[in-house]
Amino acid sequence: MNSLGRYLLPYLITLSIIPLGFTPAALAISYAFTTTINVPGATFTSPLGINDRGQIVGVYGDGTTSHGYLLSKGSFSTIDFPGALFTDAHGINNRGQILGEYGAIGEHSYLLSGGSFSTIDFPGALFTDARGINNTGQIVGGYEDTAGGHGFLLSGGGFSTIDFPGAHGTVASGISNTGQIVGGYFLPTGTHSFLFSGGLFTMIDFPGATLTDVFGINDRGQIVGRYGDATGEIHGFLLSGGSFSTIDFPGATFTEARGINNIGQIVGWYIVGTGKLQEVHGFLATPTSAVPEPHD
């Protein structure tokens with residue numbers, strides 16, 4: 001157990017649900033896919049987070065294991081938790097604090113701040129997966145115990161559990177500087193997503209989708225994620241101003257939007273090719289047309 005969680009007892013946030021309130025009509029928003037992101041020599045590259053300075057974190061493979069990375073001012077730096085079998089980097093805030101997951105004896109999470117690593121373990125959990133961090137250092141993610149999977153918020157040194165009412169499992173994936181949290185929950189009928197704001201859950205489902213996963217949110221309330229269509233194809237999406245727009249990297253067979261900053265820049269990853277010829281690359285997308293403002 002790390003210093004963040006050793007003496008802390010989890011407590012449950014009591015939450016209510018409000019109905020889905022997003023319009024089903026898709027938007028025509030243009031993006032310039034300004035960058036294909038590939039760590040030199042990597043077998044795959046997946047960006048997972050971006051801050052307002054344009055710094056990007058994610059995970060790449062070397063053919064044997066996976067490593068976290070930071071892309072800053074055009075240069076890549078590898079992030080490996082000391083002694084770990086693998087390391088992923090999931091989020092970065094404007095202070096340059098990075099969090100992610102690593103594997104050693106079990107799976108744990110870490111915070112990298114000022115060049116030093118600290119471990120994040122939800123008290124009593126079988127494993128902990130930290131996914132999002134805001135500028136005040138609040139962290140969200142997921143953990144598993146003997147009762148199943150749960151989301152969590154780590155704020156001011158204290159953990160709290162986030163469980164979507166009635167769900168078989170919950171994970172929190174992103175948090176804005178205003179404290180809005182997005183994540184996913186799981187039912188026998190499929191995978192769905194939520195926004196938690198002001199003590200209330202709002203359900204998020206891309207219209208007509210077979211699954212909806214959300215991963216990131218900015219301070220304007222704009223949300224990014226992925227959805228599955230009726231044919232089984234996976235697409236990225238942006239939810240802004242109450243409306244959805246699809247994000248597909250040109251020519252890709254799979255697109256996933258993972259992070260969004262306050263400028264509206266989106267990072268994620270895509271697949272081209274099929275079978276043994278599949279290639280996984282990262283992307284940076286910048287909006288080139290007006291993005292609707294969120295509703296109050």
Within-4.5 Å side-chain heavy-atom neighbours: [X] and [Y]:
X      : Y      : value
Phe152 : Ser160 : no
Val59  : Thr87  : no
Asn93  : Asn134 : no
Phe237 : Ser245 : no
Asp121 : Tyr143 : no
Glu101 : His90  : yes
His150 : Glu144 : no
Phe196 : Gln180 : no

Please find the pair of heavy atoms, one from [X] and one from [Y], that lie closest to each other, and give the distance.
X      : Y      : value
Tyr69  : Leu71  : CD1-N, 3.9 Å
Ile271 : Val280 : CG1-CG2, 3.9 Å
Gly264 : Pro287 : O-CD, 3.3 Å
Ile181 : Ala172 : CG2-CB, 3.9 Å
Gln97  : Gly137 : OE1-CA, 4.3 Å
Phe215 : Arg258 : CB-O, 3.4 Å

Going by distance alone, is a donor N or O of one side chain under 3.5 Å from an acceptor N or O of the other, for [X] and [Y]?
X     : Y     : answer
Asp52 : Asn94 : yes
Ser72 : Gln55 : yes
Ser66 : Asp88 : yes

Going through the distances and angles, do His67 and Thr65 end up as a side chain to side chain contact (heavy atoms under 4.5 Å, CB included)?
CA-CA 7 Å; His67 311 268; Thr65 189; 3.7 Å; yes
In Å, rounded to the nearest 0.5 Å, how long is the span from [atom1] of [X] to [atom2] of [Y]?
X      : Y      : atom1 : atom2 : result
Thr36  : Glu279 : OG1   : CD    : 11.0 Å
Ser193 : Tyr227 : OG    : OH    : 14.0 Å
Thr146 : Leu126 : OG1   : CG    : 7.0 Å
Ser240 : Asn218 : OG    : CG    : 8.0 Å
Thr210 : Asp229 : OG1   : CG    : 7.0 Å
Glu233 : Arg226 : CD    : CZ    : 13.0 Å

Pair Thr253-Tyr270, side chain to side chain contact (heavy atoms under 4.5 Å, CB included): steps then yes or no:
CA-CA 7 Å; Thr253 57; Tyr270 66 95; over 6 Å; no
Option among Thr246, Ile247, Thr255 that satisfies the side-chain contact (heavy atoms from CB on, under 4.5 Å) test with His235:
Thr246
Qualifying residue, where the test is side-chain contact (heavy atoms from CB on, under 4.5 Å) with Ile133 and the options are Leu154, Ile98, Ile92, Leu111:
Leu111
Would you say [Y] ends up clustered with [X] if hydrophobic residues are merged whenever their side chains have heavy atoms under 4.5 Å apart, either directly or through other cluster members?
X      : Y      : value
Ile266 : Leu48  : no
Val267 : Ile234 : no
Leu211 : Tyr185 : no
Phe33  : Ile260 : yes
Ile50  : Ile175 : no

Verify, without hydrogens or angle tests, whether Thr212 (side chain) and Phe206 (backbone) share a donor-acceptor contact under 3.5 angstrom.
yes
Using only atom types and a distance under 3.5 Å, with no angle test, would you say the side chain of Ser109 pairs donor to acceptor with the backbone of Thr128?
yes
So Phe81 and Tyr110, would you call those rings parallel, tilted or perpendicular, with 30° and 60° as cut-offs?
tilted
Could you give the side-chain donor-acceptor pairs of residues 37-44 under 3.5 Å, partners two or more places apart or in another chain?
from, atom 1, to, atom 2, distance (Å)
Asn38, OD1, His281, ND1, 2.8
Asn38, ND2, His281, ND1, 3.3
Thr43, OG1, Gly61, O, 3.1

Given Leu284 and Gln265, is the side chain to side chain contact (heavy atoms under 4.5 Å, CB included) satisfied, shown in steps?
CA-CA 7 Å; Leu284 169 65; Gln265 293 175 306; 4.0 Å; yes
For Phe186, what are the other residues in its hydrophobic cluster, where any two members join if their side-chain heavy atoms are less than 4.5 angstrom apart?
Val171
Starting from the C-alpha separation in whole Å, work towards a yes-or-no answer on side chain to side chain contact (heavy atoms under 4.5 Å, CB included) for Glu256 and Phe254.
CA-CA 7 Å; Glu256 184 170 286; Phe254 178 111; 3.7 Å; yes
